[in-house]
Amino acid sequence: MAESKYGHLVKKMNMRDTQRKIGGNADFINGFSGKDLEGLALNFTWAIHKGLGDWHAGRDPHVHPYDECLVFMGLDPDNPGYLGAEIEVGMGEEGEKVIIDSPTAIVVPGGLVHGPLITKKVDQPYGFSAICLNGEHETTWLGEG
Ligand SMILES: [Fe+2]
């Protein structure tokens with residue numbers, strides 16, 4: 001069998017069942033850091049969510065030293081503009097509330113406090129990806145939880 005020249009660049013995404021019982025965080029998730037990605041200055045998650053409530057059990061808000069993008073996507077191929085959920089996201093030290101109810105990307109520059117993320121309504125499971133421009137994940141939790 002011929003040796004693969006590029007096979008090491010192809011990474012299988014095995015979705016892990018989080019067995020989540022409460023809150024709006026991921027039900028199925030996978031993620032990679034830079035060491036899994038041939039040293040890229042990137043870490044990211046890809047997840048499917050279906051629950052209601054606070055994603056991080058009172059630990060929010062939080063902050064990262066690097067830039068992050070929060071991407072919310074619908075999963076209905078017959079209606080790609082439909083998210084299927086309503087999520088409230090706190091932004092900044094002020095906790096300004098942003099409501100997400102359609103496919104959306106939120107830019108979170110490094111050092112910007114964000115959260116909590118609270119799912120208010122779910123009609124259909126949706127996809128979420130946290131894309132971080134750093135090889136290693138680093139989060140400082142600022143909440144009480
Ligand atoms: Fe974050």
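Order of appearance sets the numbers: ligands from 1, and atoms from 1 within every ligand.
- Taking 2.8 Å as the limit, the number of protein N, O or S atoms around the Fe ion (ligand 1) is 4.
- Without hydrogens or angle criteria, Asn30 side chain to Asn14 main chain gives a donor-acceptor distance under 3.5 Å.
- Side-chain contact of His62 with Thr139: a donor-acceptor pair under 3.5 Å is absent, judged by distance alone.
- Ile22 CD1: 12 or fewer foreign heavy atoms inside a 6.0 Å radius.
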Only pairs under 3.5 Å count here: list side-chain donor-acceptor contacts from residues 118-127, not counting sequence neighbours, and write none if there are none.
residue, atom, partner, partner atom, Å
Thr119, OG1, Trp55, NE1, 2.7
Thr119, OG1, Tyr126, OH, 3.4

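- For the side-chain hydrogen bond (donor to acceptor under 3.5 Å, both in side chains) condition, no pair includes a residue of residues 74-99, sequence neighbours left out.
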List the atom pairs, donor and acceptor, that lie under 3.5 Å between side-chain atoms in residues 37-54 and the rest of the protein, sequence neighbours left out.
residue, atom, partner, partner atom, Å
Glu38, OE2, Lys11, NZ, 2.5
Asn43, OD1, His137, ND1, 3.0
Asn43, ND2, Asn134, O, 2.9
Asn43, ND2, Glu136, O, 3.3
Thr45, OG1, Ala130, N, 3.2
His49, ND1, Gly24, O, 2.9
Asp54, OD1, His56, N, 3.0
Asp54, OD2, Gly58, N, 3.0

